[in-house]
> 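Mind looking over this structure? Questions follow.
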Amino acid sequence: MTNVAVIYYSSTGNVHKLALAAAESAEKAGAEVRLRQVAELAPEAAIASNPAWSAHREATKDIAVASLDDLEWADIILFGTPTRYGLPAAQLKQFIDTTGGIWAKGKLVNKVVSSFTSTSQTHGGQESTILALNNTFYHWGAIIVPPGYADGIQFDIKNGNPYGASHVGYNNEAPGTENLAAIEFQARRAVEIGTALKRGLEATA
Ligand SMILES: Cc1cc2nc3c(=O)[nH]c(=O)nc-3n(C[C@H](O)[C@H](O)[C@H](O)COP(=O)(O)O)c2cc1C
């Protein structure tokens, strides 16, 4: 069995919806899946000032919070984050910054990783967000598996982001069917490649 951890941050629900679709797709592809949100860091006053943020937080309070064990357990890690000024959200970065201990023990080597994001603008920094996460993965010795143009769905102009599924919600519209198809493909591809890599590594161990 291939283990997949979907680890994400979402304040108003867009990345959460992509993460759910990624988890379902990975399960359908035969993986065992853990869906995990990272811990919230924002001050209560900031959350309370945004009704969509408060409502989403309440609606997802039962989703388990990501731990280092989830990273060690996973063969494949799918990371989701909204874009924040062209970068990943601090909440996800904070979680990543707790990995020093397991990184030093080599526990993140050969993990298959793939990332997805959500913005409010078409040119709002999707690629810079995903590339910023990738910087971390080089340090881990992880294997980045992007969607590329490895499936016809990627040629659809509304999907088509080879770096990773990228939703755009100008007025906070939730991800639609094309975004969901893109993340489903990305998760499926990560499971395929991750499973093949795992088998290959086990065969040569
Ligand atoms: C502090 C902050 C910074 C943001 N920076 C960007 C940005 O650089 N580009 C962009 O297009 N959208 C930006 N956004 C919008 C969010 O990325 C967008 O609303 C996203 O869909 C939120 O995802 P979520 O619903 O999962 O929280 C920003 C939002 C906030 C609150």
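On a predicted model such as this, the values are computed, not experimentally measured, just so you know. Note that ligands are numbered from 1 as they come in the structure, with each ligand's atoms numbered from 1 the same way.
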> Using a 3.5 Å distance criterion without hydrogens, assess whether the side chain of Lys111 forms a donor-acceptor pair with backbone atoms of Leu71.
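Such a contact is found between Lys111 side chain and Leu71 backbone.
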
> I'd like to know if Gly86 contacts ligand 1, where contact means a heavy-atom distance under 4.0 Å to any ligand atom.
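Judged by the 4.0 Å heavy-atom criterion, Gly86 does count as contacting ligand 1.
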
> Looking at every heavy atom in both Val15 and Ser118, which two are closest together, and how far apart are they?
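Looking at all heavy atoms of both residues, the closest pair is CG2-CB, 3.7 Å.
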
> At what distance is the nearest protein heavy atom to atom 11 (O) of ligand 1, and which residue and atom is it?
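Atom 11 (O) of ligand 1 sits closest to the protein heavy atom Gln121 N, 3.0 Å.
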
> Under 4.5 Å between side-chain heavy atoms, counting indirect links through other Ile/Leu/Val/Met/Phe/Trp/Tyr residues: same cluster for Trp103 and Leu68 or not?
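Same cluster.
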
> Any nitrogen or oxygen of Tyr9 lying under 3.5 Å from a nitrogen or oxygen in ligand 1? Just yes or no.
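No: no nitrogen or oxygen of Tyr9 is under 3.5 Å from one in ligand 1.
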
> Is Gly13 close enough to touch ligand 1? Criterion: a residue heavy atom under 4.0 Å from a ligand atom.
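Yes, that is the case, since the closest heavy atom of the residue is under 4.0 Å from the ligand.
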
> For ligand 1 and Thr83, I'd like to know whether there is a polar contact (N/O to N/O, distance under 3.5 Å).
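Right, the criterion is met.
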
> Give the atom numbers and elements of ligand 1 that come within less than 4.0 Å of a heavy atom of Gly124.
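The atoms of ligand 1 under 4.0 Å from a heavy atom of Gly124 are 7 (C), 8 (O), 9 (N), 10 (C), 11 (O).
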
> Look only at the side chain of Glu127 and the backbone of His123, and say whether a donor-acceptor pair between them is shorter than 3.5 Å.
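Checked: no pair found.
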
> For the backbone of Val145 and the side chain of Ser114, can you confirm whether one donor and one acceptor N or O come within less than 3.5 Å of each other?
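Yes, because the side chain of Ser114 sits within donor-acceptor range (under 3.5 Å) of the backbone of Val145.
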
> Check this for me - ligand 1, Tyr85, N or O atoms closer than 3.5 angstrom, yes or no?
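Tyr85 vs ligand 1: N/O contact under 3.5 Å present.
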
> Just distances here: any N/O of Val15 and N/O of ligand 1 closer than 3.5 Å?
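It does: an N or O of Val15 is found under 3.5 Å from an N or O of ligand 1.
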
> Starting from atom 22 (C) of ligand 1, which protein heavy atom do you reach first, and at what distance in Å?
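Closest protein heavy atom to atom 22 (C) of ligand 1: Pro82 CB, 3.7 Å.
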
> Can you tell me the protein heavy atom closest to atom 15 (C) of ligand 1 and the distance?
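Result for atom 15 (C) of ligand 1: Ser120 OG, 3.7 Å.
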
> Please state which protein non-hydrogen atom is closest to atom 26 (O) of ligand 1 and give its distance, to 0.1 Å?
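Ranked first by proximity to atom 26 (O) of ligand 1 is Ser10 OG, 2.6 Å.
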
> Do me a favour and list the nearest non-hydrogen protein atom to atom 25 (O) of ligand 1 with residue, atom name and distance?
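Closest protein heavy atom to atom 25 (O) of ligand 1: Thr12 OG1, 2.4 Å.
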
> State whether a side-chain donor-acceptor pair under 3.5 Å links Thr119 with Thr83.
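Looking only at side-chain atoms, Thr83 and Thr119 do not form any donor-acceptor pair under 3.5 Å.
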
> Nearest 0.5 Å, what's the CG-CD1 distance between Asn134 and Ile144?
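The CG atom of Asn134 sits 3.5 Å away from the CD1 atom of Ile144.
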
> Aromatic contact between Phe95 and Tyr9, with the criterion being ring centroids under 6.0 Å apart: yes or no?
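No, the ring centres sit 6.0 Å or more apart.
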
> Would Glu58 and Lys61 count as a salt bridge (charged side-chain N to carboxylate O under 4.0 Å, His left out) here? Give the steps.
CA-CA 5 Å; Glu58 177 62 22; Lys61 65 181 181 208; 2.5 Å; yes

> For atom 21 (O) of ligand 1, what's the nearest protein heavy atom and its distance?
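Going atom by atom, the protein heavy atom closest to atom 21 (O) of ligand 1 ends up being Ser118 OG, 2.6 Å.
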
> Considering only protein heavy atoms, which is closest to atom 2 (C) of ligand 1, and at what distance to one decimal place?
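In this structure, atom 2 (C) of ligand 1 has Arg84 CD, 3.5 Å as its nearest protein heavy atom.
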
